[in-house]
Each structure stands twice: as structure tokens, then as C-alpha cells.
Protein chains: 2
Amino acid sequence: MHVLTLLAVTPPGELLTSDRMAGSVNTNPVIIRRILGQLKKAGLVEVRAAAGGTYLRRAPAAISLLDVYRAVEVVDNRLFSMHDKPNPKCPVGRTIQAALEDTLTRAQTALEQQLAAVSVAQVAAGTGELVG
Amino acid sequence: MHVLTLLAVTPPGELLTSDRMAGSVNTNPVIIRRILGQLKKAGLVEVRAAAGGTYLRRAPAAISLLDVYRAVEVVDNRLFSMHDKPNPKCPVGRTIQAALEDTLTRAQTALEQQLAAVSVAQVAAGTGELVG
DNA sequence: TCGCATTGTAACTGGTATTGTTACAATAAA
DNA sequence: TTTATTGTAACAATACCAGTTACAATGCGA
């Protein structure tokens, strides 16, 4: 989100290098580049190797936090994970995973709906000035 | 949840040892005991050292998945965590965390509401038989 | 075409977390 | 007092993440 917000407040047509972004986040440029790779794979940004660097492929208002979450956060698209090998000889061990599945999916969906309702543009609008 | 479901389907008055529970989960008894320690601290179970082992302190219908989640899953009660030291000299770095705070809290709350709506008793009722 | 800023990625380190294991003192029921 | 059981320490193995260094590949601009 930090990276995308920086790109959102950059004038259209201007690019940002991983070096400059790393300065704002206060980390190493390679960390930024690894994240840019994920955002690029998700189609959110375009990265130009030679001059300039990175720009958004969509308007900030058209990128939801769910897009970002899916691009960088989720492992295998599942928020909750389970112990992989319960004992199949036990009635509970054999069926516990299926019994939890629906509830956990509903919980994850509720989370994602909230993320889908907010855009990078909205977050960017909340930055820059001191709060209160 | 596996541990609590086992306790929920155990006849009232009977206790379960960490050994038996480990058999169903297919893991080591010490792993179970570590989890029992968290559940005990949260007031969900009572553990008797000498004979028997563990039993529920509340009816399975009175234990929500949110109770369980809070007992074992959450680090510092926050689902999302942030990079700790953005650059305070950058307008975005200085304010990005506050700009995200509300949205992420709302998303976490939506998740927790879904977990609060389901009880251990309901999950236990879904185990034991084959689905479909 | 050449130079050069920049990316993409590999390799490595250090830190932290998790699972599983062994071992054993503490506990308390019978 | 005996005995089954817990609570916990210690340790190994594994995995993951942030950060760092290094360097080949890319492709823009002169």
C-alpha cells in the first residue's frame, strides 16, 4: 500500500524508481522491487527497466485494497490454514476440516468485502496532511 | 478447534488426556498441551494435572469461534501489521499508517463478526458423519 | 550504436517463529 | 505412596522474512 500510494500521488506521466520509493518506506530498494514484481504480476503497475521506473496501470480510484491484498498478501488464496494430516480413524479428525470450511470461508469473504470497498485513491487522499 | 471439538463431543463429566487428543490430531501430546495452556488462560477449559485431563468450562454452545480465535490466533489483537519505521521526512511515509488504520480495523471487525456468529457446538454438530 | 541508469534475480545473513521431540519435575487423584 | 498426567524447559529441524551485496539484462536517450 505504501508503494501504491506513492505512485498515486505522483503526477501522471512521471515514474518512480525503486530507490526513491525505498527512501519513503525506509528500506532497501530490492525489497521494493520484490513487491513491484508481485504488483506487476497482478497487473497493477508497469515497470520500465531503463529510464524512470514504475507507474500505475490503472487509476488509483480503480484499484481496491482487495486487489492489493490478493496481489501481495494471500497464500494460496486462503486466510486460514489447517493442520494437514489429522487422524482419519477418528470421527472428529476425519471431518473437522470440512466442518470448519464454510465458516472460515464466510469470515474471509467478510474481510475481503471491506477491503474491496476502499480504493488506493481514498487512502492516498488521507495521506499528506497531519490528522486532527 | 480440533481440541475443543473433541471436548465438545465427549460426554459431560468425562475428561480427555493430551495423549488421546494428540491421537486424533495426529501430533505430539506436547503440542496439544501448549494449546491447552492458551485455552486455559482464556478460561475456555479446565486442566486437571493428575487424573483424566481436560474438560470444557462452558457449554460448547457458549463458546464462539471468535473466543477461540482470540485465545490462540491473534498476535497483539491485530490481524494486519505494518512496516514499523517509514521515513518521517516523507509526507506519505509520515501518514500512511494512520490513513490505513480505519479501513484495516473495519476489515478485521467484519471477520470477527462472522467468527462470533458460530459456536463450537455448531462445528461439533457438523463432524462425525460423512458430508453429502 | 553506445553508455548508463535501472530493473530482475540470485545468493547469503540474521532474526524470528513453528512443529515436533525428549526429558523431567510438579501435581494431585486413588 | 503410587501413578498417571500436566507444565515446561531444552533442543533440532524447518521455514519464512527483511535486509544486503552483487551482477547480468534491459532498453532509453544521446
Side-chain angles (χ1 to χ4, degrees), chain A residues 1-4 6-7 10 13-57 69 71-76 78-87 93, chain B residues 1-3 6-7 10 13-57 69 71-76 78-87 93 97:
Chain A
M1 277 307 300
H2 196 146
V3 162
L4 289 168
L6 288 170
L7 292 168
T10 297
E14 261 181 53
L15 309 192
L16 282 183
T17 68
S18 60
D19 244 355
R20 301 230 358 237
M21 297 194 249
S24 172
V25 179
N26 210 12
T27 184
N28 192 287
V30 174
I31 306 296
I32 301 295
R33 280 181 228 152
R34 292 209 266 245
I35 290 168
L36 288 177
Q38 299 178 283
L39 298 177
K40 183 179 169 184
K41 192 155 71 174
L44 303 182
V45 304
E46 175 75 25
V47 186
R48 290 294 181 76
T54 302
Y55 61 92
L56 294 179
R57 281 191 62 183
Y69 176 70
V72 303
E73 190 79 16
V74 169
V75 178
D76 202 28
R78 299 288 294 168
L79 177 57
F80 296 98
S81 60
M82 309 212 203
H83 180 67
D84 34 340
K85 37 180 173 59
N87 186 346
Chain B
M1 277 308 301
H2 197 146
V3 162
L6 288 170
L7 291 167
T10 298
E14 260 182 54
L15 308 193
L16 282 183
T17 68
S18 59
D19 245 356
R20 299 228 2 236
M21 296 194 249
S24 171
V25 180
N26 210 13
T27 183
N28 192 286
V30 173
I31 306 296
I32 301 296
R33 279 180 228 154
R34 292 209 267 246
I35 290 169
L36 287 176
Q38 298 178 285
L39 298 176
K40 183 180 171 184
K41 193 156 70 174
L44 302 182
V45 304
E46 176 76 24
V47 186
R48 290 295 181 74
T54 303
Y55 61 91
L56 293 179
R57 281 190 61 183
Y69 177 70
V72 303
E73 189 79 17
V74 170
V75 177
D76 202 27
R78 298 288 293 168
L79 177 55
F80 297 98
S81 59
M82 309 212 204
H83 181 67
D84 32 341
K85 37 180 173 60
N87 186 347
Q97 301 194 348

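Proteins get letters first, then strands, A, B, ... in listed order; numbering begins at 1 in each. Keep in mind that this is a model prediction, so the values were computed, not measured.
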Q. B:K85 or A:A50: which one's nearest nucleotide on DNA chain D is closer to the 5' end?
A. B:K85
Q: To the nearest 0.5 Å, tell me how far A:N28 CG sits from A:R33 CZ.
A: 8.0 Å
(Q) Can you tell me if A:T27 touches the phosphate of D:dG19, counting only side-chain N or O atoms and a distance under 4.0 Å to OP1 or OP2? (A) yes
(Q) Is it the case that the side chain of A:T10 and the backbone of A:L6 share a donor-acceptor pair, with hydrogens and angles ignored and the cut-off at 3.5 Å? (A) yes
Q: Could you tell me the separation between the CZ atom of A:R34 and the P atom of D:dC17, rounded to a whole number of Å?
A: 10 Å
Q. How far apart are the closest heavy atoms of B:H2 and A:P86, and which atoms are they?
A. CE1-CB, 3.9 Å
Q) What is the nucleic acid contact for A:S18, judged by heavy atoms within less than 4.0 Å: base, sugar-phosphate only, or nothing? A) sugar-phosphate
Q | Pairwise side-chain contact, B:D19 with B:I32, heavy-atom cut-off 4.5 Å (strictly under) | A | no
Q.
Measure CE/B:M82 against P/D:dA18 and give the value in whole Å, please.
A. 15 Å
(Q) Could you tell me how far apart B:I32 (CD1) and D:dT6 (C1') are, to the nearest whole angstrom? (A) 13 Å
Q. For the pair made of CG in A:L15 and C1' in D:dC28, what is the distance, rounded to whole Å?
A. 11 Å
**Q.** Euclidean distance, atom CD of residue A:E73 to atom P of D:dC16 [Å, nearest integer]
**A.** 15 Å
Q.
What is the distance, to the nearest angstrom, from the CD atom on B:E14 to the C1' atom on D:dT5?
A. 17 Å
Q.
Which heavy atom of B:M21 sits nearest to which heavy atom of B:V3, and what is that distance?
A. SD-CG1, 3.7 Å
**Q.** B:V30 or A:V30, whichever maps to the more 5' nucleotide of DNA chain D
**A.** B:V30
Q: Provide the start and end nucleotides, 5' to 3', of the part of DNA chain C that has atoms under 4.0 Å from heavy atoms of chain B.
A: C:dT19 to C:dA29
**Q.** Main-chain N/O of A:G93 paired to A:N87 side chain as donor or acceptor, under 3.5 Å
**A.** no
Q. What nucleic acid atoms does B:R48 come within less than 4.0 Å of, heavy atoms only: base, sugar-phosphate, or nothing?
A. sugar-phosphate
(Q) In whole Å, I'd like the distance from the CZ atom of A:R33 to the C1' atom of D:dT20. (A) 11 Å
Q) Whole Å only: how far is the CG atom of A:D19 from the P atom of D:dT20? A) 12 Å
Q: Ignoring hydrogens and angles, tell me if any N or O in the side chain of B:E73 forms a donor-acceptor pair with the backbone of B:L79 under 3.5 Å.
A: no
